[in-house]
Amino acid sequence: MPVETKVNGNRKLASSIRALTMKNVAESTLRRGYTHFRLEDVLTSSSPLGVNATFRANVRLFHANDAGAKGAFNAAEVLKNNGKV
């Protein structure tokens with residue numbers, strides 16, 4: 001599933017775009033009944049002044065006992081850390 005987060009005109013939010021995205025993906029993962037996720041094909045960009053930023057990635061979701069869950073982000077842990085990993 002693709003994910004994209006854009007921040008325009010807010011330097012503080014733009015600097016924390018990865019954490020915002022991770023938190024949103026973790027919430028979505030749990031709502032869909034999964035426990036783990038991986039980000040693939042990650043692309044980040046920001047304006048020279050740092051007030052605009054974009055974070056794009058493809059997300060793969062896993063249940064705790066799926067083979068792909070090993071080494072993936074644990075959604076509950078990501079939320080516990082407010083998206084900071």
Side-chain angles (χ1 to χ4, degrees):
M1 113 181 137
V3 64
E4 180 175 278
T5 305
K6 288 186 176 189
V7 174
N8 295 309
N10 187 319
R11 186 184 313 266
K12 185 175 181 182
L13 287 178
S15 69
S16 61
I17 195 166
R18 180 176 173 83
L20 289 169
T21 304
M22 293 294 285
K23 184 178 176 186
N24 290 339
V25 170
E27 289 170 345
S28 179
T29 298
L30 295 173
R31 269 195 315 271
R32 292 169 187 246
Y34 293 89
T35 57
H36 291 74
F37 66 93
R38 287 184 187 276
L39 299 178
E40 300 174 340
D41 306 320
V42 175
L43 172 68
T44 58
S45 63
S46 62
S47 65
L49 298 177
V51 294
N52 302 316
T54 302
F55 183 102
R56 289 186 191 119
N58 288 316
V59 180
R60 294 189 59 201
L61 305 177
F62 304 95
H63 294 105
N65 53 355
D66 291 344
K70 185 175 182 178
F73 292 106
N74 180 313
E77 288 294 316
V78 171
L79 284 179
K80 181 179 168 184
N81 293 316
N82 206 29
K84 296 176 184 164
V85 293

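- Looking at R60 and M1, their side chains never come closer than 4.5 Å, going by heavy atoms from C-beta outward.
- Under the 4.5 Å side-chain contact rule for hydrophobic residues, F55 and L20 share a cluster.
- No donor-acceptor distance shorter than 3.5 angstrom exists from the side chain of R31 to the backbone of A26, with no hydrogens or angles considered.
- Judged by distance alone, the side chain of N74 and the main-chain N or O of E77 form a donor-acceptor pair under 3.5 Å.
- Connection of V3 to Y34 is established within a shared hydrophobic cluster, with ILVMFWY side chains joined at heavy-atom distances below 4.5 Å, either directly or through further cluster members.
- Proximity of E4 to T54: side-chain heavy atoms (C-beta onward) are separated by under 4.5 Å at one or more points.
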*List the steps and the verdict of side chain to side chain contact (heavy atoms under 4.5 Å, CB included) for N81 and V85.*
CA-CA 7 Å; N81 293 316; V85 293; 5.7 Å; no
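- A donor-acceptor pair is defined here as one N or O able to donate and one able to accept, closer than 3.5 Å; no such pair exists between the side chain of S46 and the backbone of G50.
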*Assess whether side chain to side chain contact (heavy atoms under 4.5 Å, CB included) is satisfied between V78 and F37, documenting all intermediate values.*
CA-CA 10 Å; V78 171; F37 66 93; 4.1 Å; yes
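- Within the 4.5 Å cutoff, no side-chain heavy atoms of L61 are placed close to those of H36.
- Contact annotation: the side chain of S16 never approaches that of K84 to less than 4.5 Å [non-hydrogen atoms, C-beta and beyond].
- For the pair N8 (side chain) and N52 (backbone), a donor-acceptor distance under 3.5 Å is absent.
- The residue from L79, I17, T5, L39 that alone fulfils the side-chain contact (heavy atoms from CB on, under 4.5 Å) condition with M22 is L39.
- Scanning all heavy atoms of the two residues, the minimum distance from A64 to T35 falls at N-OG1, 2.8 Å.
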*Apply the test side chain to side chain contact (heavy atoms under 4.5 Å, CB included) to residues K23 and N82: give CA-CA distance (whole Å), side-chain angles for both, the deciding distance (0.1 Å), then the verdict.*
CA-CA 6 Å; K23 184 178 176 186; N82 206 29; 3.3 Å; yes
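- Taking 4.5 Å as the limit, every side-chain heavy atom of V42 sits out of range of all side-chain heavy atoms of R56.
- F62 and V59 fall into different hydrophobic clusters, where Ile, Leu, Val, Met, Phe, Trp and Tyr residues are linked whenever their side-chain heavy atoms come under 4.5 Å apart, directly or through other members.
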